[in-house]
Visitor: 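Before I ask anything, let me first share the structure, which is written out below as structure tokens.
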Amino acid sequence: MQSLWSLERPLVPVQDQDRGFPVRRVYCVGRNYVDHIREMREGDERDDPFFFQKPTDAVELDGARIPYPQSTHDFQFEGELVVAVGAKYRNGTPDTALECVYGYATGIDLTRRDLQKESVARSRPWEPGKSFDQSAPCGRIVPAETIGDIDGGDLTVSVNGDVRQRTRFELMIWSVPEIIAQISKAYTLQPGDLIFTGTPAGVGAIHPNDTVTVEITGLPSLTITIIDQQEES
């Protein structure tokens, strides 16, 4: 049995560095692209952003083999840009928000869609559909100073080589600085936090033996493979 005192934070690799990024918290933005809001037929397109969290140990790395999760019959992918926080930041504004950014990565918000829909219908929190084991794959982090303007980038998600999602970050309802500023009014951001910034239209179901790849301009790609529960055991 693993000792309580031997537990450590997950480490996400950082481009061209030996030391990884120790994950503290995982924040996710709900409904940040108009086409995805319309696709899901939920919420007002003018609503303020809202946030939910995933457990730290939900983080998985590039190349992960992820078992099809329990308690769902509708397991879906959502490709996203991830922001890695490198400095304490509280109650900020968009014009200063990027000062706390350490870097960026590709990410996937894995979702048990049927459980999420049930939560929405019953006005309950989204955790059953969102905050489960291995539900936050994250690619290698690239330090912000080597990227430049991330808002000008593109995101593409493929399943088994077929493109399912494609967008430009300029189409976000809330930009990266606005997202950071909004979160910082509710929580004190700290080094080690990851922020998943929302997904565009094109989400869909995945099954055992499916491979999901996320590509973002200027960042290393992220690929995961879904496996059967039996394979894990």
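Everything numeric here is computed off the predicted structure, so don't read it as measured data.
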Visitor: Tell me every residue that passes side chain to side chain contact (heavy atoms under 4.5 Å, CB included) with Pro125, counting only those two or more places apart in sequence or in another chain.
Guide: Glu127
Visitor: Among residues at least two apart in sequence or on other chains, which ones pass ring pair (Phe, Tyr, Trp, His ring centres under 6.0 Å) with Phe132?
Guide: none
Visitor: Identify the heavy atoms of Gly204 and Phe77 that sit nearest to each other, and give their distance.
Guide: O-CD2, 3.1 Å
Visitor: Between Lys130 and Asp109, is there a side-chain N and carboxylate O pair less than 4.0 Å apart?
Guide: yes
Visitor: Could you see if Phe196 belongs to whatever hydrophobic cluster contains Val214? Use Ile, Leu, Val, Met, Phe, Trp, Tyr and a side-chain cutoff under 4.5 Å.
Guide: no
Visitor: Considering residues at least two apart in sequence or located in another chain, which fulfil the salt bridge (charged side-chain N to carboxylate O under 4.0 Å, His left out) criterion with Arg25?
Guide: none
Visitor: Please check if the side chain of Gln165 supplies one atom and the backbone of Gly79 the other of a donor-acceptor pair under 3.5 Å.
Guide: yes
Visitor: Using the ring pair (Phe, Tyr, Trp, His ring centres under 6.0 Å) criterion, which residues pair with Phe21? Sequence neighbours excluded.
Guide: Tyr102
Visitor: Consider side chain to side chain donor-acceptor pair (under 3.5 Å). Of Arg113, Arg112, Gln116, which one does Gln76 pass it with?
Guide: Arg113
Visitor: When clusters are formed by joining ILVMFWY residues with side-chain heavy atoms under 4.5 Å apart, either directly or through shared neighbours, do Tyr104 and Ile180 land in the same one?
Guide: yes
Visitor: Within the distance-only criterion (no hydrogens, no angle test), does the side chain of Ser135 pair as donor or acceptor with the backbone N or O of Ser131 below 3.5 angstrom?
Guide: no
Visitor: Partners of Glu118 by salt bridge (charged side-chain N to carboxylate O under 4.0 Å, His left out), sequence neighbours excluded?
Guide: Arg122
Visitor: Ignoring hydrogens and geometry, is there a side-chain-to-backbone donor-acceptor pair from Asn160 to Thr211 under 3.5 Å?
Guide: yes
Visitor: Can you sort out the partners of Tyr187 under ring pair (Phe, Tyr, Trp, His ring centres under 6.0 Å), two or more places apart, ordered by chain and number?
Guide: Tyr27
